[in-house]
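Here's the structure, in structure tokens; my notes come after.
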Amino acid sequence: MAIGDVYEAEGVPDCYYLDTGMYDTPEYGCLYILDTEKPAVVDTGIGANYDATRAALDEIGIAPDELAYIIPTHVHLDHAGGAGFLARDYPNAEVLCHEVGARHLIDPARLWEGTKRAVGAQFEYYVEPEPVPEARLTEIAGGDAIDLGDRTLDVYDAPGHAPHQAVFHDPAGSVVYAADAVGIYIRRADRVDVTSPPPDFELEQSLADIETIRALDPDTLAYTHFGPAPAEGRLAEYATVLTAWVEEVAAVREELGDDEAVVEELQARSDLDELWGPEKAAAEVAMNVRGVLRYLDTHSKREE
């Protein structure tokens with residue numbers, strides 16, 4: 001697998017995924033192209049390497065005037081950063097975005113500044129997003145259905161990772177486009193890892209989101225990070241991994257008492273550098289630790 005390559009999603013009809021080369025790291029970020037009666041792109045990358053998205057649509061045979069929908073699962077820029085560029089170049093496509101975050105696609109200034117704070121050193125890989133024209137954007141929320149012509153995507157709220165996150169269930173294909181609700185699938189290691197970024201990560205709601213998806217009983221989970229994988233066993237695995245991660249961060253903070261020391265200690269414990277390289281691994285761990293630390297602080301205040 002290589003950056004810019006397009007693959008058929010095994011077991012999911014009319015579905016392809018593109019390795020967007022997110023953070024210059026192969027097999028870390030992708031978007032999905034649904035070659036349905038009303039074609040759609042689910043998630044859009046960070047806006048960098050956008051030419052690869054256009055090339056993928058061309059390769060699959062979806063012309064600029066044929067794309068019907070642009071559907072970011074949430075407005076974090078690793079999922080929604082390309083939405084404005086796609087809206088600019090695909091004039092008939094309707095942008096569908098969760099109602100909680102939709103305003104940030106119309107005016108992405110606050111989203112851009114917030115991304116700088118959240119992703120730290122990884123910010124160098126981002127490009128400033130193109131605004132989505134308000135007339136082109138439709139707000140969606142849990143309970144809605146997206147008509148793809150020959151199938152439907154059912155929308156479910158999944159706010160544990162971020163309040164503006166949704167997941168999409170295709171009952172005909174028995175697949176859930178899972179955003180960040182079920183973690184990161186590391187293909188080369190065949191395991192799931194955590195995603196717990198600031199400022200909105202909530203453990204209890206994340207576990208509830210896992211149960212929402214479990215009730216749908218999909219055969220396949222379509223991870224934005226990275227690629228489709230059989231669902232069997234993955235939801236239970238992620239619930240265990242995520243809970244253990246939060247407990248580990250809390251224990252290290254109790255031991256060390258200094259948040260930067262907590263970040264450094266957990267970076268040292270991580271094996272992600274063997275999979276993604278030291279730069280990406282350190283940035284990923286730091287972001288996820290800081291998200292849990294913020295959650296712990298917020299949770300503590302609620303209990304007072």
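Every value quoted in this text rests on a predicted model; they were computed, and no experiment measured them.
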Would you call the rings of Tyr23 and Tyr125 parallel, tilted or perpendicular, where under 30° means parallel and over 60° means perpendicular? perpendicular
State whether the number of non-hydrogen atoms from other residues, nucleotides or ligands found under 6.0 Å of Arg191 atom CZ is greater than 12. yes
Does Trp112 have its ring centroid less than 6.0 Å away from the ring centroid of Phe123? yes
Which of parallel (below 30°), tilted (30 to 60°) and perpendicular (above 60°) describes His79 and His225? perpendicular
Is it true that Val100 and Val42 fall in one hydrophobic cluster, defined by side-chain heavy atoms closer than 4.5 Å? no
Measuring from Thr115:OG1 to Tyr126:OH, what's the distance to the nearest 0.5 Å? 6.0 Å
Counting only heavy atoms not in Glu66, do more than 12 sit closer than 6.0 Å to its CD atom? yes
Exceeds 12 heavy-atom contacts within 6.0 angstrom, atom CD of Glu139: yes
Sequence neighbours left out, what passes ring-ring contact (aromatic ring centres under 6.0 Å, His included) with Trp276? Give chain and number order. Tyr28
Given Tyr16, Tyr32, Phe226, Tyr17, the one that forms ring pair (Phe, Tyr, Trp, His ring centres under 6.0 Å) with Tyr7: Tyr17
Take a 6.0 Å sphere around CD of Glu211 and say whether it holds more than 12 heavy atoms from other residues, nucleotides or ligands. yes
Answer whether the closest heavy-atom distance between the side chains of Pro39 and Leu57 falls below 4.5 Å. no
Passes salt bridge (Lys or Arg N to Asp or Glu O under 4.0 Å), Arg290 versus Glu260? Steps please. CA-CA 9 Å; Arg290 291 186 177 114; Glu260 285 309 308; 3.1 Å; yes
Do you know which of Asp258, Val292, Asp297 makes side-chain contact (heavy atoms from CB on, under 4.5 Å) with Arg253? Asp297
Parallel, tilted or perpendicular: which fits the ring planes of His74 and His161, with parallel below 30° and perpendicular above 60°? perpendicular
